Amino acid sequence: MIFDRPAFELAPALIGAVLTVRGCSGRITETEAYTPDDPASHSFPGPTKRNAAMFGPSGCAYVYRIYGLHWCLNVVAAPGHAVLIRALEPLHGIDTMTARRGPGKPLTKGPGMLAQALGIDQDDNGRPFGSPTFALTPGPPTEVLIGSRIGISKAVDWPYRYGKKGSKFLSRPFPASFCQKYSGG
DNA sequence: ACTCTGATGTACT
DNA sequence: GTACATCAGAGTA
C-alpha cells in the first residue's frame with residue numbers, strides 16, 4: 001500500500017482495504033479525499049497544532065474532534081493530504097463494537113460512528129498503520145463509485161467522495177455517480 | 001420516508 | 001462570537 005501520494009489517489013485505493021484497530025476490523029466502503037489546495041481541507045491554512053499529523057509521515061492516522069462530540073479518522077497520504085474514512089463493513093470484533101455503540105445502533109456507517117465503534121480517540125492521532133493491532137491491509141480490486149463530499153460548505157462540487165459499488169455500508173447512497181475499477185492497493 | 005434541532009469542544013476571527 | 005469533514009431523537013407524513 002503506497003501512502004505517499006495525493007489523497008485523490010489513495011482514497012479510491014483504500015476502498016476494499018481492511019482496517020484493524022485493537023482487535024476490531026472492517027472493510028472500508030467509503031472514503032473522502034482532502035488536499036492542501038482544497039478550501040474544505042483542514043490543511044488548507046497550512047500547518048497548525050490541530051492538523052500537524054497531516055503534515056507528518058505518510059501512513060499515519062490523523063484524528064480530530066468534530067462538533068465537540070465525535071472523533072474522525074483519516075489516513076495521512078502525501079504531506080498535507082489525508083483520506084477520511086467514512087464507512088466500513090464490520091468484520092471482526094462486532095460484539096465489542098456493538099458494546100461501544102449501544103444495542104441496535106448502526107455500527108460503522110459514518111465517520112463518527114466508526115471511530116466510536118473502533119475506540120478511536122485523540123490518543124491515536126499520529127499513530128502509524130502497520131502494526132498487528134493498528135493496520136491497513138489491501139483488498140481485492142473493487143468497483144468504486146465517485147461523488148461529491150458530505151457535510152462540507154466549501155468546494156462542495158469536488159468529486160472527492162469514493163464508495164464501494166453495491167455496498168450496504170455507506171453513510172449515504174451515491175446518486176448518479178461515475179463508476180470506475182481500481183486495483184486494491 | 002423525511003426535516004428539524006440540540007448536544008458539545010476546539011480552532012479560528 | 002462563529003464555524004464546524006456529525007449523530008440521535010423527535011416530529012411530520
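No experiment lies behind these values; they were computed from the predicted model shown.
- Using a 4.0 Å cut-off, some side-chain N or O of A/Ser153 falls inside it from OP1 or OP2 of C/dC4.
- A straight line from CG of A/Asn125 to P of C/dA5 spans 16 Å, rounded to a whole angstrom.
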What does the list of N/O pairs under 3.5 Å between the protein and nucleotides 10-13 of chain B look like, with a distance for each?
from   : atom 1 : to      : atom 2 : distance (Å)
B/dC12 : OP1    : A/Thr48 : OG1    : 3.4

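- For the pair A/Tyr34 and C/dA5, the ring geometry qualifies as stacking, because the centroid separation is below 5.5 Å while the planes lie within an angle under 30°.
- Cluster annotation: A/Ile66 and A/Tyr62 are assigned to the same hydrophobic cluster (Ile/Leu/Val/Met/Phe/Trp/Tyr, side-chain heavy-atom contacts under 4.5 Å, transitive).
- In the region residues 20-33 of chain A, proximity to DNA chain B at under 4.0 angstrom, judged on heavy atoms, holds for none of the residues.
- The minimum heavy-atom distance between A/Leu170 and A/Gly163, with the atom names listed, is CD2-CA, 4.4 Å.
- Cluster note: A/Met113 groups with no other residue, as no ILVMFWY side-chain heavy atom lies under 4.5 Å from it.
- Only A/Tyr67, A/Gly68, A/Leu69, listed by number, bring a heavy atom of residues 67-97 of chain A to less than 4.0 angstrom from any atom of DNA chain B.
- Cation-pi contact between A/Arg127 and A/Phe134: present, with separation from the ring centre below 6.0 Å and deviation from the ring axis of at most 45°.
- As a whole-Å value, the separation of A/Ile66 CD1 from C/dA3 C1' is 9 Å.
- At least one side-chain heavy atom of A/Thr35 sits under 4.5 Å from a side-chain heavy atom of A/Tyr160.
- A side-chain donor-acceptor contact under 3.5 Å links A/Ser171 and A/Glu30.
- Pairing partner, C/dA3: B/dT10, with both Watson-Crick or wobble hydrogen-bond distances short of 3.5 Å.
- When atom types are taken as modelled, the side chain of A/Arg22 and the backbone of A/Gly119 share a donor-acceptor pair closer than 3.5 angstrom.
- Nearest heavy atom pair, residue A/Thr20 against residue A/Pro132, reads CG2-O, 4.0 Å.
- Residues A/Tyr64 and A/Asn74 are in side-chain contact: their nearest non-hydrogen atoms beyond the backbone lie under 4.5 Å apart.
- Nucleotide C/dA3 holds its P atom 18 Å from the CZ atom of A/Phe44, rounded to whole Å.
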At under 4.0 Å between heavy atoms, how does the protein contact nucleotides 8-13 of chain C? Give one character per nucleotide, 5' to 3', with B, S or -. S-----

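- With sequence neighbours left out, the side chain to side chain contact (heavy atoms under 4.5 Å, CB included) criterion links A/Pro6 to A/Phe8, A/Glu9, A/His81.
- Looking only at distances, no side-chain donor or acceptor of A/Asp4 sits under 3.5 Å from a matching main-chain atom of A/Ser58.
- Using modelled atom types and a 3.5 Å distance limit, the side chains of A/Gln116 and A/Arg100 yield no donor-acceptor pair.
- For the residue pair A/Ala87 and A/Lys109, the shortest heavy atom distance occurs at CB-CA, 4.2 Å.
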